[in-house]
Amino acid sequence: MSFTQLAAKFTAPYIACTAVGVGLTGYFYYGNLALKYQGLLPYTDSRIQPTYPQRLDAWAWTYGMGKKHMGLSITIGTLVYTTAAILTPMVKLRLPLLIAAGLSASNAVWTLSLMQPINNRLSELAEKSKVDPLVPSTEVDDLIARWKRLHNVRLVLGASAYFTGVAVLLLSM
(Lines give C-alpha, C1' and ligand atoms only; values in the text may rest on other atoms or scores of the structure.)
Protein backbone atom coordinates (compact mmCIF):
# COMPACT_ATOMS: atom_id res chain seq x y z
CA MET A 1 0.00 0.00 0.00
CA SER A 2 1.45 3.36 -1.02
CA PHE A 3 1.51 6.39 1.24
CA THR A 4 -1.16 8.05 -0.90
CA GLN A 5 -3.46 5.05 -0.53
CA LEU A 6 -2.85 4.97 3.23
CA ALA A 7 -3.51 8.71 3.55
CA ALA A 8 -6.71 8.33 1.54
CA LYS A 9 -8.02 5.83 4.11
CA PHE A 10 -7.89 8.54 6.78
CA THR A 11 -10.46 10.59 4.89
CA ALA A 12 -13.12 8.14 6.06
CA PRO A 13 -14.67 9.83 9.13
CA TYR A 14 -14.72 6.69 11.28
CA ILE A 15 -11.04 5.98 10.58
CA ALA A 16 -10.13 9.60 11.30
CA CYS A 17 -12.08 9.44 14.60
CA THR A 18 -10.44 6.15 15.50
CA ALA A 19 -6.99 7.60 14.75
CA VAL A 20 -7.71 10.60 16.97
CA GLY A 21 -8.94 8.24 19.70
CA VAL A 22 -5.75 6.19 19.41
CA GLY A 23 -3.69 9.36 19.64
CA LEU A 24 -5.52 10.62 22.70
CA THR A 25 -5.67 7.32 24.58
CA GLY A 26 -2.03 6.74 23.67
CA TYR A 27 -1.20 10.15 25.13
CA PHE A 28 -3.13 9.21 28.27
CA TYR A 29 -1.51 5.79 28.61
CA TYR A 30 2.09 6.69 27.80
CA GLY A 31 1.85 9.97 29.72
CA ASN A 32 0.64 8.14 32.82
CA LEU A 33 3.25 5.43 32.34
CA ALA A 34 5.97 8.10 32.23
CA LEU A 35 4.40 9.74 35.27
CA LYS A 36 4.69 6.50 37.19
CA TYR A 37 8.37 5.93 36.46
CA GLN A 38 9.85 9.34 35.70
CA GLY A 39 9.38 12.96 36.63
CA LEU A 40 7.92 14.15 39.90
CA LEU A 41 5.81 11.19 40.97
CA PRO A 42 8.77 8.98 41.90
CA TYR A 43 10.09 11.99 43.83
CA THR A 44 7.13 11.59 46.21
CA ASP A 45 8.64 8.27 47.33
CA SER A 46 9.86 8.59 50.90
CA ARG A 47 12.99 6.54 50.15
CA ILE A 48 14.41 9.57 48.31
CA GLN A 49 13.72 11.53 51.52
CA PRO A 50 12.37 14.87 50.38
CA THR A 51 10.53 16.76 53.12
CA TYR A 52 6.78 16.23 53.33
CA PRO A 53 6.04 19.77 52.07
CA GLN A 54 8.35 19.09 49.09
CA ARG A 55 6.60 15.80 48.41
CA LEU A 56 3.19 17.47 48.60
CA ASP A 57 4.33 20.30 46.31
CA ALA A 58 5.58 17.75 43.77
CA TRP A 59 2.32 15.83 43.97
CA ALA A 60 0.20 19.01 43.74
CA TRP A 61 2.05 20.21 40.63
CA THR A 62 1.74 16.81 38.98
CA TYR A 63 -1.96 16.59 39.86
CA GLY A 64 -2.63 20.12 38.62
CA MET A 65 -1.08 19.40 35.24
CA GLY A 66 -2.49 15.88 34.98
CA LYS A 67 -6.11 16.77 35.64
CA LYS A 68 -6.05 19.18 32.68
CA HIS A 69 -4.12 17.10 30.17
CA MET A 70 -5.26 13.62 31.10
CA GLY A 71 -8.84 14.65 31.82
CA LEU A 72 -9.21 16.21 28.38
CA SER A 73 -7.47 13.37 26.57
CA ILE A 74 -9.64 10.68 28.11
CA THR A 75 -12.89 12.65 27.70
CA ILE A 76 -12.29 13.51 24.06
CA GLY A 77 -10.93 10.00 23.44
CA THR A 78 -14.20 8.56 24.73
CA LEU A 79 -16.21 10.86 22.47
CA VAL A 80 -14.25 10.13 19.30
CA TYR A 81 -14.29 6.37 19.84
CA THR A 82 -18.06 6.59 20.33
CA THR A 83 -18.37 8.74 17.21
CA ALA A 84 -16.27 6.24 15.25
CA ALA A 85 -18.56 3.40 16.42
CA ILE A 86 -21.60 5.31 15.18
CA LEU A 87 -20.00 6.24 11.84
CA THR A 88 -18.31 2.97 10.91
CA PRO A 89 -19.89 1.10 8.03
CA MET A 90 -18.12 -2.06 9.24
CA VAL A 91 -20.46 -3.69 11.75
CA LYS A 92 -17.67 -5.95 13.11
CA LEU A 93 -15.78 -2.83 14.30
CA ARG A 94 -18.65 -1.31 16.28
CA LEU A 95 -18.25 -3.48 19.35
CA PRO A 96 -14.46 -3.00 19.68
CA LEU A 97 -14.91 0.76 19.22
CA LEU A 98 -17.60 0.82 21.89
CA ILE A 99 -15.33 -1.24 24.15
CA ALA A 100 -12.53 1.31 23.64
CA ALA A 101 -14.98 4.12 24.45
CA GLY A 102 -16.21 2.24 27.52
CA LEU A 103 -12.68 1.63 28.76
CA SER A 104 -11.89 5.31 28.33
CA ALA A 105 -15.07 6.35 30.12
CA SER A 106 -14.48 3.87 32.94
CA ASN A 107 -11.11 5.48 33.50
CA ALA A 108 -12.83 8.81 34.17
CA VAL A 109 -15.39 7.13 36.45
CA TRP A 110 -12.61 5.29 38.33
CA THR A 111 -10.68 8.50 38.84
CA LEU A 112 -13.66 10.58 39.94
CA SER A 113 -15.17 7.97 42.25
CA LEU A 114 -12.16 6.34 43.89
CA MET A 115 -9.21 8.69 43.42
CA GLN A 116 -10.88 12.09 43.81
CA PRO A 117 -11.24 11.83 47.62
CA ILE A 118 -7.49 11.09 47.84
CA ASN A 119 -6.73 13.96 45.45
CA ASN A 120 -8.86 16.31 47.55
CA ARG A 121 -7.16 15.33 50.80
CA LEU A 122 -3.67 15.59 49.32
CA SER A 123 -4.60 19.02 47.96
CA GLU A 124 -5.74 20.10 51.43
CA LEU A 125 -2.51 18.84 52.97
CA ALA A 126 -0.45 20.57 50.27
CA GLU A 127 -2.15 23.88 51.07
CA LYS A 128 -1.69 23.36 54.83
CA SER A 129 1.98 22.49 54.38
CA LYS A 130 2.61 25.95 52.91
CA VAL A 131 1.58 27.47 56.25
CA ASP A 132 2.65 24.70 58.63
CA PRO A 133 5.42 22.37 57.39
CA LEU A 134 4.56 19.82 60.10
CA VAL A 135 2.02 17.86 58.11
CA PRO A 136 0.92 14.41 59.29
CA SER A 137 3.62 12.30 57.65
CA THR A 138 1.98 8.90 58.02
CA GLU A 139 -1.19 10.22 56.41
CA VAL A 140 0.80 11.63 53.47
CA ASP A 141 2.63 8.31 53.04
CA ASP A 142 -0.63 6.34 53.18
CA LEU A 143 -2.46 8.63 50.76
CA ILE A 144 0.34 8.66 48.20
CA ALA A 145 0.72 4.87 48.45
CA ARG A 146 -3.04 4.39 47.92
CA TRP A 147 -3.02 6.88 45.03
CA LYS A 148 -0.18 4.97 43.34
CA ARG A 149 -2.01 1.64 43.72
CA LEU A 150 -5.21 3.07 42.27
CA HIS A 151 -3.21 4.71 39.50
CA ASN A 152 -2.13 1.24 38.31
CA VAL A 153 -5.75 0.46 37.45
CA ARG A 154 -5.85 3.63 35.33
CA LEU A 155 -2.79 2.38 33.48
CA VAL A 156 -4.48 -0.94 32.69
CA LEU A 157 -7.69 0.78 31.56
CA GLY A 158 -5.73 3.29 29.47
CA ALA A 159 -3.59 0.60 27.85
CA SER A 160 -6.68 -1.49 27.09
CA ALA A 161 -8.47 1.45 25.44
CA TYR A 162 -5.36 2.38 23.47
CA PHE A 163 -4.52 -1.12 22.20
CA THR A 164 -8.18 -1.81 21.36
CA GLY A 165 -8.16 1.36 19.27
CA VAL A 166 -4.89 0.35 17.59
CA ALA A 167 -6.39 -3.04 16.72
CA VAL A 168 -9.48 -1.40 15.20
CA LEU A 169 -7.31 0.99 13.23
CA LEU A 170 -5.25 -1.88 11.85
CA LEU A 171 -8.38 -3.86 10.96
CA SER A 172 -9.72 -0.80 9.14
CA MET A 173 -6.79 -0.56 6.78
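Keep in mind it's a predicted model, so treat the numbers as computed, not measured.
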Undergrad: Show, in sequence, the C-alpha distance, side-chain angles and deciding distance for H69 and Y27, and conclude whether the side chain to side chain contact (heavy atoms under 4.5 Å, CB included) test is met.
TA: CA-CA 9 Å; H69 291 265; Y27 175 76; 3.0 Å; yes

Undergrad: According to a hydrophobic-cluster definition based on side-chain heavy atoms being under 4.5 Å apart (Ile, Leu, Val, Met, Phe, Trp, Tyr only), do V109 and L112 belong together?
TA: no

Undergrad: Assigning hydrophobic clusters by single linkage (Ile, Leu, Val, Met, Phe, Trp, Tyr; side-chain heavy-atom cutoff under 4.5 Å), is M115 placed with L157?
TA: yes

Undergrad: Run the side chain to side chain contact (heavy atoms under 4.5 Å, CB included) check on T88 and I15 step by step: do they pass?
TA: CA-CA 8 Å; T88 185; I15 293 177; over 6 Å; no

Undergrad: Donor-acceptor pair, Y29 side chain versus G158 backbone, under 3.5 Å?
TA: no

Undergrad: Should K68 and L72 be marked as a side chain to side chain contact (heavy atoms under 4.5 Å, CB included) after you check the CA-CA gap, both sets of side-chain angles, and the distance that decides it?
TA: CA-CA 6 Å; K68 294 175 201 165; L72 276 173; 5.6 Å; no

Undergrad: Using the test side-chain contact (heavy atoms from CB on, under 4.5 Å), find all partners of S129 that sit at least two apart in sequence or belong to another chain.
TA: P53, L56, V135

Undergrad: I need the T62 OG1 to L122 CG distance, nearest 0.5 Å.
TA: 11.5 Å

Undergrad: Any idea which heavy atoms bring L24 and S73 closest together, and the distance?
TA: CB-O, 3.6 Å

Undergrad: Partners of D132 by side-chain hydrogen bond (donor to acceptor under 3.5 Å, both in side chains), sequence neighbours excluded?
TA: none

Undergrad: How close do T78 and S104 get, heavy atom to heavy atom, and via which atoms?
TA: OG1-CB, 3.0 Å

Undergrad: Output the distance between atom OH (Y81) and atom OG1 (T18), rounded to the nearest 0.5 Å.
TA: 7.5 Å

Undergrad: Taking only residues two or more places apart in sequence or in another chain, which ones pass side-chain hydrogen bond (donor to acceptor under 3.5 Å, both in side chains) with Y63?
TA: Q116

Undergrad: Before you tell me yes or no, could you show the steps for D141 and R55 under salt bridge (Lys or Arg N to Asp or Glu O under 4.0 Å), namely the whole-Å CA-CA distance, both residues' side-chain angles and the distance that decides it to 0.1 Å?
TA: CA-CA 10 Å; D141 287 337; R55 292 174 67 200; 2.6 Å; yes

Undergrad: Kindly work out whether a path of hydrophobic side-chain contacts (I/L/V/M/F/W/Y, heavy atoms less than 4.5 Å apart) joins L150 to W59.
TA: yes

Undergrad: As an exercise, state the distance from NZ of K148 to CG of L143, rounded to the nearest 0.5 Å.
TA: 12.5 Å

Undergrad: Look up atom OH in Y52 and atom CD1 in I144, then write down how far apart they are to the nearest 0.5 Å.
TA: 8.5 Å

Undergrad: For A161 versus L103, what's the shortest heavy-atom pair and its separation?
TA: N-CD1, 3.6 Å

Undergrad: Taking side-chain hydrogen bond (donor to acceptor under 3.5 Å, both in side chains) as the definition, give me every residue that meets it alongside T111, ordered by chain and number, with sequence neighbours left out.
TA: R154

Undergrad: Throw together a table of side-chain donor-acceptor distances under 3.5 angstrom for residues 162-173, partners on residues two or more places apart or in other chains.
TA:
unit_1	atom_1	unit_2	atom_2	d
T164	OG1	S160	O	2.6
S172	OG	V168	O	2.7

Undergrad: Under a 4.5 Å side-chain heavy-atom rule over Ile, Leu, Val, Met, Phe, Trp and Tyr, are L35 and I74 clustered together?
TA: no

Undergrad: Give, for atom CD1 of I76 and atom CZ of F28, the distance between the pair rounded to the nearest 0.5 Å.
TA: 13.5 Å

Undergrad: Can you list everything that forms a side-chain contact (heavy atoms from CB on, under 4.5 Å) with A60? Sequence neighbours excluded, please.
TA: A126

Undergrad: Any donor and acceptor pair, going by atom type alone, linking the side chain of W110 with main-chain N or O of A105 inside 3.5 Å?
TA: no

Undergrad: Which distance, rounded to the nearest 0.5 Å, do you find between the OG1 of T82 and the CG of L98?
TA: 6.5 Å

Undergrad: Checking side chain to side chain contact (heavy atoms under 4.5 Å, CB included) for the pair E139/R121: CA distance, chi angles, key distance, verdict?
TA: CA-CA 10 Å; E139 183 179 10; R121 182 62 183 148; 2.6 Å; yes

Undergrad: State plainly whether one hydrophobic cluster holds both V22 and Y14, where clusters connect Ile, Leu, Val, Met, Phe, Trp and Tyr through side-chain heavy atoms under 4.5 angstrom apart.
TA: yes

